[in-house]
Amino acid sequence: MNNIVIYFLKLFICLIIIVVIMRLWSKNQEKIFFINSRKVAFPSQLFYKTDDGRYLAYWPKDYRGRKSTLQSRNSLIGKFTEEWVCKLFGRLIVDDDLYLVKQAIIPSLGITSRSPVDLVISTANRKILKASEVKVIFEVKMSIVWNWQYFDDSNNVVEIGDFRTHQGKPSFTRSDSILKAIGKCIGIRVSSFESSKIPIVVIGNAPLSNGFCKKADHLKRVGVIQGFWSLNPFPLNHGNTRKTTPYGGYIRFNNTSELKRNLDNLFSQDLNFFSGMENPKTLGKYIEIANNENNYEDKGLKFLKLIRRY
DNA sequence: AGCTAATCCACGAACGCCGA
DNA sequence: TCGGCGTTCGTGGATTAGCT
């Protein structure tokens, strides 16, 4: 009796942690980024300075003065968001045999130290991994979404508008960022058949550029990328944004438990990527041969072998 | 004519590798 | 040990296409 009470108490506490304490991306995360980064960087390395002497994260849409392009903030926000995603997923994954590895190197997939993948879930706690140890690959593409003003007298930042009010386009709203992510994922897919069992997910914190909604769904259908996931529930100050694309190629998560459901779903399926360019006659032949196997699973595996010409 | 989106190019800092 | 090279990070500028 006591054990059952304790069990439910534990479950309850877990639920509270997931729903209340663990938050997805929000303005508060960006504030933390600036306050933290201020300890290692000058304001001029984190903010633009306008002609009238204000420190801003982005150039406002109506700003007509002299402008420059910050480079010093890029790797800082890259590091911060990667670390943030790692911590978030670390708390969602309860399995003791799974590890999160940042900047992972997977030589058999052509992923070398020159261009490591941002984050993977792996069965081994090492930087250099075998393809068979990698459960999921995450490509993190997150930005500062809101515009911020910095006050150096109080060392404080204040939010001054969402991404519709400034010129820079954050994360998934930028089409060439998406192209870059797709390119990297294709690179992994075509590197080796060993990658065909590994789901790839792109993580962002802004709505997906309209032009890529259909493509995101197609990429999921054909198996190249298992999803573009936005971890920012409320990217706008007023109004709503797209929750998901019809086939779920893009999803905006409302909370961490929803994220966890989708993550678990990725693990529960034994997914296989396959592709080809073959005439119907040859495909028919493959299907006939594969059909000689005893059950659906073996038939499927045989078919995969055939189209890959093992 | 004026707007937006897509695309391509460039930027500077950081980091790891490799050869001298 | 040092310097060059390749790569990534996220943002801005320029140009073009397409829409109203």
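Counting only heavy atoms from C-beta outward, the side chains of A:P170 and A:I144 never approach each other to under 4.5 Å. Under the 4.5 Å side-chain criterion, counting only non-hydrogen atoms from C-beta, A:E278 is not in contact with A:K285. Proximity of A:F33 to A:L76: side-chain heavy atoms (C-beta onward) are separated by under 4.5 Å at one or more points.
Of all heavy-atom pairs between A:T241 and A:L236, the closest is CG2-CD1, 3.5 Å.
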Are any protein N/O atoms closer than 3.5 Å to N/O atoms in nucleotides 1-9 of chain C? If there are, list each pair with its distance.
unit_1: C:dC9; atom_1: OP1; unit_2: A:D118; atom_2: OD1; d: 3.4

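For residues 156-166 of chain A, proximity to DNA chain B is found at no residue, defined as any non-hydrogen atom under 4.0 angstrom from a strand atom. Within residues 28-44 of chain A, no residue is approached by DNA chain C to less than 4.0 Å at the level of any non-hydrogen atom. For the contact set between residues 47-62 of chain A and DNA chain B, defined by any heavy atom under 4.0 Å, there are no members. The stretch residues 230-248 of chain A has no heavy atom under 4.0 angstrom from DNA chain B at all.
Ring-plane geometry between A:W229 and A:F253 is classed as perpendicular, the angle between the planes exceeding 60 degrees on a 0 to 90 degree scale with a lower cut at 30.
Salt-bridge formation is detected for the pair A:E258/A:K243: a Lys NZ or Arg NE/NH1/NH2 atom is positioned less than 4.0 Å from an Asp or Glu carboxylate oxygen. Between A:K102 and A:E83 there is a salt bridge, since a side-chain N of the basic residue sits under 4.0 Å from a carboxylate O of the acidic one. Remark: A:D264 engages A:K260 in a salt bridge, criterion side-chain N to carboxylate O under 4.0 Å.
Counting non-hydrogen atoms of neighbouring residues, nucleotides and ligands closer than 6.0 angstrom, the CZ atom of A:F234 reaches no more than 12 such neighbours. Enclosure of atom NZ in A:K299 by more than 12 non-hydrogen atoms of other residues, nucleotides or ligands within 6.0 angstrom is indicated. No more than 12 heavy-atom neighbours from other residues, nucleotides or ligands sit within 6.0 angstrom of CD on A:E297. No more than 12 heavy atoms of other residues, nucleotides or ligands lie within 6.0 Å of NZ in A:K214, so this atom counts as exposed by the packing criterion.
Here A:N232 contributes atom CG and A:R252 contributes atom CZ; the two are 8.5 Å apart, rounded to the nearest 0.5 Å. Once rounded to the nearest 0.5 Å, the distance linking OG1 of A:T256 with CG of A:L263 reads 11.5 Å. How far OG of A:S171 is from CG of A:N205: 4.5 Å, rounded to the nearest 0.5 Å.
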query = Can A:F34 and A:Y150 be said to form a ring-ring contact (aromatic ring centres under 6.0 Å, His included), step by step?
reply = CA-CA 9 Å; A:F34 283 119; A:Y150 171 72; 8.5 Å; no
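If you measure from atom CD1 of A:I144 to atom P of C:dG12, you get 12 Å, rounded to the nearest angstrom. Between the P atom of C:dT11 and the CD atom of A:Q45 lies a distance of 16 Å, rounded to the nearest Å. Between the CZ atom of A:R73 and the C1' atom of C:dG12 there is a distance of 12 Å, given to the nearest Å. Atom CG of A:N210 and atom C1' of C:dC19 are 14 Å apart (whole Å).
Between A:K169 and the phosphate of C:dT11, there is no side-chain N or O to OP1/OP2 separation shorter than 4.0 Å.
Note on A:S209: only backbone sugar-phosphate atoms sit closer than 4.0 angstrom, heavy atoms only; bases stay farther off.
The footprint of chain A on DNA chain B, defined by a heavy-atom cutoff below 4.0 Å, extends from B:dA5 to B:dC17.
Panel note: side chain A:S195, backbone A:I188; a donor-acceptor pair is recorded below 3.5 Å.
Within the cation-pi definition used here (under 6.0 Å to the ring centroid, within 45° of the axis), A:R73 qualifies as a partner of A:Y58.
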